[in-house]
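Values below: all heavy atoms of this structure, side chains included; hydrogens, waters and symmetry mates excluded. Counting starts at 1 for both ligands and their atoms, following the listed order.
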Amino acid sequence: MSQSPEIGSRTRTRAIMEKYGIRTKKSFGQNFLTDLNVLKNIVEAARITKNDNVIEIGPGIGALTEQLAQAAGQVVALEIDADLIPVLKEVLAPYDNVTVLNQDVLKANLPELIQQQFTDPTRPIKVVANLPYYITSPILMGLLASPVDWDAICVMMQKEVAQRLTAKPGTKQYGALTLAIEYQMDARIAFDVSRRVFVPAPNVDSAIVVLTPRREKLAMQPFDKQKLFGFIRGCFAHRRKSLWNNLQGVVGKDPATKAQLEKVLAQLELPKQVRPERLDLTQFIELANALHAVGLL
Ligand code: SAM
């Protein structure tokens, strides 16, 4: 194993960047993490063991990858920036359980990749990443839409997005993103991370979010998952308006539709003036199913 300091140390990061002439690219959301404690805490929050297969999104120059390689059975890292591939190959050469692929995660076929890249694809599969912030939501939605049974998704993101993911009904952070996550996963913030530990420093603070499969079963199934989430997004289209007003934007506002809508709300004991952020996931499913039953969805 290499005698150099670990990649995530400030000195080693600087040395690597200088040696390979790396200039971070804003367009790829490149903010490299240079704090070994934070890196080790991420691996700990993900509860990585030698039995785990890990997919890392955006290894950068390999700071987190190195920590994952030490803790996991096998690591497959997907990096969009072709310029970083030769760097990663060289700095991660001491670890024979790491594969680096030049891939855009948003275009990757994850089930296929898992079958092809992991020696034993049946082992628990975890995603660990310091995400490129400009595509946090599409990446998370892509992971959740894929048929892979993630054992855990442990990712760093902008603190404000982390708060939306873990928000409770009635708060201003609560919305369609919260519910899309909650539908499949239990979400918690493991810890916050200061902007000062990145090179370059972003202009926001960050947090580590750990998503694990829901322990509690959903109280009820939606008539159609895709349609449910289109419906929920519609209900939050105008946050400051009532559910009643938003609903008219979703299902229509002609007198007959309004009359039906009124009946459904009364039946579910939802006051017309209630705000969308007051409803929990079960209530949204119940409402969508009831609207579907009367032909409005
Ligand atoms: N893991 C490194 C660290 O913690 O220092 C780098 C994290 S940096 C915030 C995000 C990384 O994601 C960059 O290396 C960037 O090039 C990469 N990236 C951006 N968009 C990507 C995409 N669509 N697919 C894969 N990697 C991507």
Q) Do Asn53 side-chain atoms and Lys126 backbone N/O form a donor-acceptor pair below 3.5 Å? A) no

Q) Crowded around Glu44 CD? As in, over 12 foreign heavy atoms under 6.0 Å? A) no

Q: Check whether the side chains of Gln158 and Thr136 place a donor and an acceptor atom closer than 3.5 Å, and report yes or no.
A: no

Q) Does ligand 1 have any atom that is closer than 4.0 Å to a heavy atom of Tyr134? A) yes

Q) Does Thr65 come within less than 4.0 angstrom of ligand 1, counting non-hydrogen atoms of the residue? A) no

Q) Are more than 12 heavy atoms from other residues, nucleotides or ligands located less than 6.0 Å from atom CZ of Arg188? A) yes

Q. In terms of atom number and element, which parts of ligand 1 are under 4.0 angstrom from non-hydrogen atoms of Ile135?
A. 20 (N), 23 (N)

Q. In terms of residue, atom name and distance, what is the protein heavy atom nearest to atom 23 (N) of ligand 1?
A. Asp104 OD1, 2.8 Å

**Q.** Per-atom contacts of ligand 1 with Asn31, taking only distances under 4.0 Å to non-hydrogen atoms
**A.** 7 (C), 8 (S), 9 (C)

Q | For atom 27 (C) of ligand 1, the protein heavy atom that lies nearest, with its residue and separation | A | Ile80 CG2, 3.4 Å

Q) Tell me, which protein residue and heavy-atom name are nearest atom 14 (O) of ligand 1, and how many Å apart are they? A) Glu79 OE1, 2.7 Å

(Q) Looking at Asp149, I want to see if its CG is surrounded by more than 12 non-hydrogen atoms of other residues, nucleotides or ligands under 6.0 Å. (A) no

Q) Is ligand 1 less than 4.0 angstrom away from at least one heavy atom of Glu56? A) yes

Q.
Is the ring pair Phe284/Phe236 parallel, tilted or perpendicular, if the boundaries are 30 and 60 degrees?
A. tilted

Q) What part of Leu131 sits under 4.0 Å from ligand 1 if we count only heavy atoms: the side chain, the backbone, both or neither? A) backbone

(Q) Determine whether Lys40 and Gln67 satisfy the following criterion, side-chain hydrogen bond (donor to acceptor under 3.5 Å, both in side chains), listing intermediate values before the conclusion. (A) CA-CA 7 Å; Lys40 288 176 197 293; Gln67 300 299 324; 3.1 Å; yes

Q.
To check your reading of the model: name the closest protein heavy atom to atom 15 (C) of ligand 1, its residue, and the distance in Å.
A. Phe28 O, 3.3 Å

(Q) Checking contacts here: is it the side chain or the backbone of Ala129 that comes within 4.0 Å of ligand 1, counting heavy atoms only? Could be both or neither. (A) neither

Q.
Taking 4.0 Å as the limit for heavy-atom contacts, which would you say applies to Gln103 with ligand 1: side chain only, backbone only, both, or neither?
A. backbone

Q: Among all protein heavy atoms, pick the one closest to atom 12 (O) of ligand 1 and tell me residue, atom and distance.
A: Gly58 CA, 3.2 Å

Q: Considering the heavy atoms of Phe32, write down every atom of ligand 1 situated less than 4.0 Å from one of them.
A: 5 (O), 6 (C)

**Q.** Distance filter under 4.0 Å to Leu78 heavy atoms, resulting ligand 1 atoms
**A.** 25 (C), 26 (N)

Q | Test of proximity, Leu39 against ligand 1: N or O pairs below 3.5 Å | A | no

Q: Identify the protein heavy atom lying closest to atom 24 (N) of ligand 1, giving its residue, its atom name and the separation to 0.1 Å.
A: Val105 N, 3.0 Å

Q: Quick one: look up the protein heavy atom nearest atom 3 (C) of ligand 1 and list residue, atom name and how far away it is.
A: Asn130 ND2, 3.5 Å

Q | Closest protein heavy atom to atom 9 (C) of ligand 1, given as residue, atom name and distance to 0.1 Å | A | Gly29 O, 3.2 Å

(Q) side-chain contact (heavy atoms from CB on, under 4.5 Å), that's the test. Do Met17 and Thr24 meet it? Break it down for me. (A) CA-CA 9 Å; Met17 290 180 71; Thr24 50; 3.8 Å; yes

